[in-house]
Protein chains: 2
Amino acid sequence: MKLQLQIKMNEALFLRNPEGSELGKNIIKHSIQLIYKNGFEAFTFKKLAEDIGTTEAGVYRYFENKHKLLIYLTSWYWGWVEFQISFHTNNIKDPVVKLKRVIKLLAATIEDDKQTSYVNESLLHQIVIAEGSKAYLTKQVGEDNKQQFFKPYKDLCAVIGNIILECSPKYKYPKSLASTIIEMAHYQNFFMYNLPSLTDFGKTKEETEIIAFLNDLVFSGIKKS
Amino acid sequence: MKLQLQIKMNEALFLRNPEGSELGKNIIKHSIQLIYKNGFEAFTFKKLAEDIGTTEAGVYRYFENKHKLLIYLTSWYWGWVEFQISFHTNNIKDPVVKLKRVIKLLAATIEDDKQTSYVNESLLHQIVIAEGSKAYLTKQVGEDNKQQFFKPYKDLCAVIGNIILECSPKYKYPKSLASTIIEMAHYQNFFMYNLPSLTDFGKTKEETEIIAFLNDLVFSGIKKS
DNA sequence: TTGATAAAGATAGTATTACTATCACAAATA
DNA sequence: TATTTGTGATAGTAATACTATCTTTATCAA
């Protein structure tokens with residue numbers, strides 16, 4: 001039996017559902033490759049179309065603009081991470097163990113998930129690290145938020161916040177700590193490779209050190225209260 | 001006597017020093033206003049030139065492109081913050097008090113500094129919150145870093161890292177904690193106003209709560225070791 | 001006072017980007 | 001068989017991100 005993991009996407013993000021056709025899946029697949037390779041600023045629908053072997057207009061039939069495509073990709077990623085978390089923390093009773101598992105999932109390199117043929121999670125993870133913030137650091141963030149574009153990110157944050165509360169029911173900042181963990185799992189990774197003196201891991205460049213830092217930060221922070 | 005605060009800028013950031021002429025100062029002043037108002041994506045040298053009353057070519061004589069201008073502005077800001085910190089923590093012996101002061105300076109709203117006529121620090125603070133990461137989240141980050149464009153940010157991070165070590169000499173992650181404080185002081189602010197469910201301050205929208213969160217995070221985190 | 005130099009203004013031009021529009025064709029569907 | 005739907009092909013436009021050139025103006029030195 002072949003199980004296919006399907007992540008439910010916000011329909012306002014696209015004009016035509018990319019999951020429903022070969023061209024659509026190619027748009028997702030090749031946009032991940034191109035953004036990973038050249039960065040989001042240099043990424044255009046024209047280059048994407050050439051890469052796929054279709055025309056610019058073809059891409060525009062699926063996505064209004066590259067900003068919505070970026071939100072689509074990051075949303076997909078957060079949805080996928082939430083699934084990974086619920087999958088890998090299933091059956092774990094101890095919330096501390098659970099939270100440590102979450103930190104590891106967020107900060108460790110991701111192996112490509114064979115269940116999702118057209119999405120390379122490993123590349124997508126790198127894209128979310130380097131470009132993910134650009135999805136919300138815009139003037140339209142308010143309107144995008146009204147359309148629920150950031151729901152997957154917020155849901156993930158809520159899930160992690162609840163685990164934090166399980167660990168420490170009186171802790172006052174579960175959601176802020178959750179968003180701090182998520183952001184820092186990614187930023188410390190970006191810094192480690194690109195601006196190493198902003199971290200303590202420049203020498204070794206080991207993701208395990210980021211995990212250790214976050215564990216230390218989180219569990220000392222929580223224990224106090 | 002009128003003291004003029006001068007922040008030494010990396011000369012590779014500009015073609016002509018904007019501090020040396022009226023037009024240059026106008027470029028800085030109006031770019032801050034325009035980026036604040038419309039965001040960095042919508043900001044163009046053409047609009048800036050119209051705003052100032054000069055021509056596009058005039059702006060290009062000072063800055064190669066808008067990315068370098070953004071790095072210039074954020075660098076200026078980090079330099080200014082480092083000065084504020086050294087000024088406001090001067091004479092403080094207790095490193096814990098010092099670090100708390102630092103957190104407050106990073107997370108609290110900034111009043112416009114009258115010493116710097118053409119820079120509105122209050123607006124610049126908002127720009128750094130919403131656009132600052134875009135200065136380094138690029139494919140050129142490596143080359144920009146080689147040219148020392150991020151030195152002011154790194155210097156600030158080092159200063160804060162050292163205060164952390166004064167508080168807790170055995171703490172293993174002073175630089176990562178420093179960059180976490182800096183980034184989160186800004187991100188929690190952005191989230192609070194734009195994606196409030198990622199924080200615990202959505203109701204009150206009080207910066208004092210961000211400060212309390214960071215104090216809690218930092219001092220519980222350090223005490224353990 | 002002249003003459004040189006440097007900054008600024010004015011204008012033009014180009015390649016690329018970010019779209020929108022239209023028409024034709026092929027496959028699926030009713 | 002007729003019709004809808006997705007795709008391909010082509011064209012066109014306004015804006016963006018520059019580069020180039022030429023003129024004017026201000027400054028400063030001989």
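By convention in this document, chain letters (A, B, ...) are assigned in the order of the sequence lines, proteins followed by strands, and residues within each chain are numbered from 1. In this text the structure is predicted, and so the values were computed from the model without any measurement. Values reported hereafter were calculated over all heavy atoms of this structure, with side chains retained and with hydrogens, waters and symmetry mates removed.
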Specify the separation, in whole Å, of atom [atom1] of [X] and atom [atom2] of [N].
X	N	atom1	atom2	result
B:Phe40	D:dA17	CZ	P	9 Å
A:Phe63	C:dA18	CZ	C1'	17 Å
A:Lys25	D:dG6	NZ	P	15 Å
B:Leu69	D:dA17	CG	C1'	14 Å
B:Glu22	D:dT27	CD	P	12 Å
B:Ile27	C:dA7	CD1	C1'	12 Å
A:Asn26	D:dG6	CG	C1'	15 Å
A:Glu41	D:dC18	CD	P	13 Å

Checking contacts here: which listed nucleotide ([options]) is nearest the side-chain heavy atoms of [X]?
X	options	result
B:Tyr60	D:dT7, D:dT10, D:dT19	D:dT19
A:Arg61	C:dA18, D:dT7, C:dA8	D:dT7
B:Thr54	C:dG9, D:dA17, C:dT20	C:dG9

For C:dA7, does either OP1 or OP2 sit under 4.0 Å from a side-chain N or O belonging to B:Tyr62?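 It does not, given that no N or O in the side chain of B:Tyr62 lies less than 4.0 Å from OP1 or OP2 of C:dA7.
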
Could you run down the sub-3.5 Å N/O contacts of the protein with nucleotides 12-17 of chain C?
none

Exercise: identify the closest heavy-atom pair between [X] and [Y]:
X	Y	value
A:Ala108	A:His125	O-CE1, 3.6 Å
B:Phe190	A:Tyr136	CZ-O, 3.3 Å
A:Phe45	A:Glu56	C-CG, 4.0 Å

Exam field: side chain B:Gln147 to backbone B:Ala12, donor-acceptor pair closer than 3.5 Å: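 No, the answer is negative, given that no donor and acceptor are paired below the 3.5 Å cut-off.
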
Assign each of B:Leu23 and B:Thr55 to its nearest nucleotide of DNA chain C by heavy atoms, then name whichever residue's nucleotide is nearer the 5' end.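 Closest to the 5' end, via its nearest nucleotide, is B:Leu23.
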
5'-most contact on DNA chain C (nearest-nucleotide basis), A:Glu64 vs B:Ser21, goes to B:Ser21

Less than 4.5 Å apart, any side-chain heavy atom of A:Leu198 and any of A:Tyr187?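 No - every pair of side-chain heavy atoms lies 4.5 Å or more apart.
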
Under 6.0 Å from the ring centre and within 45 degrees of the ring axis: does the NZ or CZ of [X] meet both conditions for the six-membered ring of [Y]?
X	Y	answer
B:Lys46	B:Tyr60	no
A:Lys29	A:Tyr36	no
B:Lys66	B:Phe40	yes

Aromatic ring proximity, centroids under 6.0 angstrom, A:Tyr173 and B:Phe213: yes

Listed in order of residue number, which residues of residues 7-19 of chain A have a non-hydrogen atom at under 4.0 Å from DNA chain C? none

